[in-house]
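If you read the sequence from its start, that first residue is 1, and numbering goes on from there. Every heavy atom of this structure was used, including side-chain atoms; hydrogens, water molecules and symmetry mates were not. Fair warning: this is a prediction, and the values are worked out from it, not measured in the lab.
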Amino acid sequence: MRVNIDEEACVGAGQCVLAAAEVFDQRDEDGVVVLLQEEPPAELGEAVREAAVLCPAMAIHVQD
């Protein structure tokens, strides 16, 4: 699994952090998503996919 984010599209809603805190964080200054793990382990796959679905800006892209 490979995760890509579009920082320009991110609206800082934080749903990704709630779904998968091991993979996503937010910048303190503006809340834009920070990708912690570009290739997260398989056991985090479900949480990462959920984060992508929950993102209101569709700024998270997951490739298997």
Side-chain angles (χ1 to χ4, degrees):
M1 166 183 288
R2 184 172 184 87
V3 181
N4 294 303
I5 56 172
D6 182 349
E7 291 183 5
E8 297 296 320
C10 179
V11 296
Q15 296 300 309
C16 55
V17 179
L18 294 174
E22 300 90 345
V23 179
F24 304 101
D25 198 357
Q26 291 177 278
R27 293 193 303 226
D28 290 335
E29 62 271 18
D30 58 8
V32 169
V33 64
V34 174
L35 184 59
L36 301 175
Q37 297 186 58
E38 197 168 298
E39 296 183 14
E43 62 265 21
L44 295 177
E46 184 175 332
V48 171
R49 287 184 186 86
E50 181 181 0
V53 169
L54 292 174
C55 178
M58 300 189 327
I60 300 170
H61 305 279
V62 180
Q63 299 172 323
D64 288 316

Checklist entry - Applying the 4.5 Å side-chain criterion to the ILVMFWY set and letting contacts propagate, would L54 and V33 be lumped into a single cluster? => result no
Item to check | For A47 against A19, the heavy-atom pair lying closest together | outcome: CB-O, 3.4 Å
Next on the checklist: A side-chain contact here means heavy atoms from C-beta on lying under 4.5 Å apart; do R27 and E7 qualify?
Outcome noted: yes
Next on the checklist: If you compare all heavy atoms of A9 against all heavy atoms of A57, which two are closest, and at what distance to 0.1 Å?
Outcome noted: O-CB, 3.1 Å
Item to check | Flag side-chain contact, heavy atom, 4.5 Å: M1 against D64 | outcome: yes
Next on the checklist: Could you report the tightest heavy-atom contact between A51 and F24, atom names first, then the distance?
Outcome noted: CB-CE1, 3.7 Å
Item to check | Q37 CD: over 12 foreign heavy atoms closer than 6.0 Å | outcome: yes
Checklist entry - Take atom CG in D28; do more than 12 heavy atoms of anything else shown fall under 6.0 Å from it? => result no
Item to check | Atom of A20, atom of V48 and distance for their closest heavy-atom approach | outcome: CB-N, 4.3 Å
Checklist entry - Side-chain contact, heavy-atom cut-off 4.5 Å: V3 with P40? => result yes
Item to check | Minimum heavy-atom distance G31-Q26, with the two atoms named | outcome: O-NE2, 2.9 Å
Checklist entry - Linking Ile, Leu, Val, Met, Phe, Trp and Tyr through side-chain heavy atoms less than 4.5 Å apart, which residues share a cluster with V34? => result L36
Next on the checklist: Quick check on E8: does its CD atom have over 12 non-hydrogen neighbours (other residues, nucleotides or ligands) under 6.0 Å away?
Outcome noted: no
Checklist outcome for this item: Separation between CG (N4) and CG (L35), nearest 0.5 Å, reads 7.5 Å
